[in-house]
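Heavy-atom basis, side chains included; hydrogens, waters and symmetry copies ignored. Remember, it's a predicted structure, so these values are computed and weren't measured experimentally.
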Amino acid sequence: SLLETAKRSPPPVYPRVRPSRLVTNPMPPRALLLPSHTPEWCRLRKLLEDKLGAVTNPEHLRSFLMDLQRETGDRTLGAFQLLPDFFEDLPDQLSVPFFSRTLRTMMHCALNTEEHFKSMRPIFLLGKDRRGEVHLSALQCFVLLSLGFLCIVPFQPLPNMPGINFFRLYNAKPSSRGKFACLVHYFNCMAASVDRQETKELNRVVTFERTHRDEARGWDSVEVVMSRLYDMPLTDVVVKTENDLIEDRPEALQADFAASMLGGGILGHGCVQEEIRFAIAPELICSRILVTGLGENEAALFTGARTFSKYTGYADSFAFDGDGRDGEGGRAVVGEDTIRLPPSGRDRDKEREVFQRKVVTVVAIDAISYGKSEQNRLRQFQPKHVLRDLNKVSAGLFGRGRDGKESIGR
């Protein structure tokens, strides 16, 4: 029951919200919870209305986020002390439009959360062993990420859900400021599309899918797996130089070397392959509120998330390097056509505008860290670990209709 869920002890990493925000949930179990579903929404809404257009600099923003935090009761989220420093490091072409128009648009979208989601049936979260898909428009992704930026997204009713509130990013080390710049650029771009009512861009569909291999439960040895795969055709292997990036291959299924909690440290201290992929295509971050931690035979696939930023460096040297949108001053993306997605729900048979999405699919497959010692590294070749990785890779790659092309990097 929801009451039992609310009384569970908090996870060791991700803090829970007050039980009342779950007990009074009007949504079905396992459905996505939005701020408008919580008893604090009336107070949050009033504060958003009062401050709409009045938050014009980093200090105002820090104070505003603290006020929102007090209204939600989540006083453990921190004081956002480093947030003004993050904005000081941003170039003027990012910070000026953010405070002059973007933040106002984000707050306006947050106020109208129910309006943006009212045409949909409840969005059911993709929990453990639950194969399924969630389709969101680019506008709905923008709304969710705006709520996350404001740190007012309630904790979801399933365990092992990372969440999308930005509070850890605001208190992260300086090396995370490249990620922050990418996210601000995304908000600026999408807010401009909202203000200009660019329907084609706002209706672009992003799909989040959880998949697993039921038959893999009976694969109890590497020999069994190899016998199943023996007659399958091999695909061509092309080795690229280190200057070729995974995200430069839109015609291929792009690998995300993921953490089991999708996104890893994107909203915290991490800044390696997965975090960088999520930073330059921030719509991927929405998976952290839709898909729980991956199991041993599970993978996740994301289709349609747009790349907004270019970057340089890696880890501590990672930095925002300008607009990365295709056809708009950024890197040209080859072969990124669109597909049509049929209507869903009660309106399936009615005339309605169909969403389109870009055919770029990222597959998240989480690995096990074996450490740096030679003894621990050799453990990965033990049959049980090889079997685990074969099952997980097969969950992400089989049946995707990608003409056998996978972009897995080095």
Side-chain angles (χ1 to χ4, degrees), residues 5 8-14 30 124-134 156-163 207-230 232 246 253-266 268 270 272-275 277-278 284-303 361-373 375-400 402 406-409:
T5 300
R8 289 177 186 166
S9 59
V13 177
Y14 303 102
R30 294 177 173 266
F124 289 98
L125 305 176
L126 303 177
K128 180 176 172 57
D129 292 330
R130 183 169 186 262
R131 177 185 287 149
E133 297 180 340
V134 173
Q156 300 304 305
L158 291 183
N160 298 322
M161 187 74 78
T207 296
F208 304 86
E209 178 181 359
R210 188 189 193 103
T211 181
H212 61 83
R213 293 295 302 275
D214 289 328
E215 62 270 33
R217 297 182 186 279
W219 295 3
D220 54 1
S221 71
V222 176
E223 290 75 15
V224 172
V225 176
M226 297 309 296
S227 68
R228 300 287 182 90
L229 303 180
Y230 185 77
M232 291 187 176
I246 292 176
L253 184 62
Q254 300 177 1
D256 165 20
F257 299 105
S260 60
M261 295 289 191
L262 295 173
I266 176 61
V272 288
Q273 193 264 343
E274 181 176 34
E275 289 84 1
R277 192 69 182 89
F278 276 53
L284 297 174
I285 297 174
C286 293
S287 66
R288 293 169 58 86
I289 201 177
L290 300 172
V291 184
T292 63
L294 298 177
E296 292 296 281
N297 66 327
E298 295 181 309
L301 296 107
F302 317 120
T303 302
T361 299
V362 176
V363 57
I365 303 173
D366 57 297
I368 295 176
S369 175
Y370 294 97
K372 295 183 178 181
S373 72
Q375 181 178 1
N376 285 338
R377 292 176 65 182
L378 289 175
R379 289 175 53 221
Q380 66 185 298
F381 302 110
Q382 295 175 1
K384 66 177 182 180
H385 294 303
V386 173
L387 179 63
R388 181 260 187 199
D389 288 346
L390 286 173
N391 286 338
K392 184 167 283 288
V393 170
S394 69
L397 300 187
F398 284 176
R400 298 308 306 158
R402 302 293 296 185
E406 291 85 35
S407 180
I408 62 174

To the nearest 0.5 angstrom, please state how far the [atom1] atom of [X] sits from the [atom2] atom of [Y].
X    : Y    : atom1 : atom2 : result
I289 : L158 : CD1   : CG    : 11.0 Å
L290 : I285 : CG    : CD1   : 12.5 Å
D389 : K384 : CG    : NZ    : 12.5 Å
Y370 : L378 : OH    : CG    : 11.5 Å
R130 : T292 : CZ    : OG1   : 10.5 Å
L294 : M261 : CG    : CE    : 9.5 Å

Check: Quick one: salt bridge (charged side-chain N to carboxylate O under 4.0 Å, His left out) partners of R210, sequence neighbours excluded?
Finding: E298

Notebook entry, point to check: Salt bridge or not for R388 and D366, using N-O below 4.0 Å?
Noted result: yes

Is there a donor-acceptor contact under 3.5 Å from the side chain of [X] to the main chain of [Y]?
X    : Y    : result
E209 : E133 : no
E275 : G265 : yes
K392 : A367 : no

Item checked: side chain to side chain contact (heavy atoms under 4.5 Å, CB included) partner of L301, the single match among T207, D256, L253 -> L253

Got [X] and [Y] here, is their nearest side-chain heavy-atom distance under 4.5 Å?
X    : Y    : value
I368 : H385 : yes
F302 : C286 : no
V362 : R277 : yes
L125 : V134 : no
R288 : I266 : yes

Next item on the list: Could you tell me whether R379 atom CZ has more than 12 heavy atoms of other residues or ligands within 6.0 Å of it?
Entry: yes

Please find the pair of heavy atoms, one from [X] and one from [Y], that lie closest to each other, and give the distance.
X    : Y    : result
M161 : V291 : SD-O, 3.5 Å
G264 : A259 : CA-CB, 3.9 Å
L262 : S287 : CB-OG, 3.9 Å

Note to self: Run the side-chain hydrogen bond (donor to acceptor under 3.5 Å, both in side chains) test against S373 and tell me which residues pass, sequence neighbours left out.
What the structure shows: N376

Check: Sequence neighbours excluded, which residues qualify as side-chain hydrogen bond (donor to acceptor under 3.5 Å, both in side chains) partners of Q382?
Finding: none

Check: Does a donor on one side chain and an acceptor on the other come within less than 3.5 Å for R30 and Q156?
Finding: no

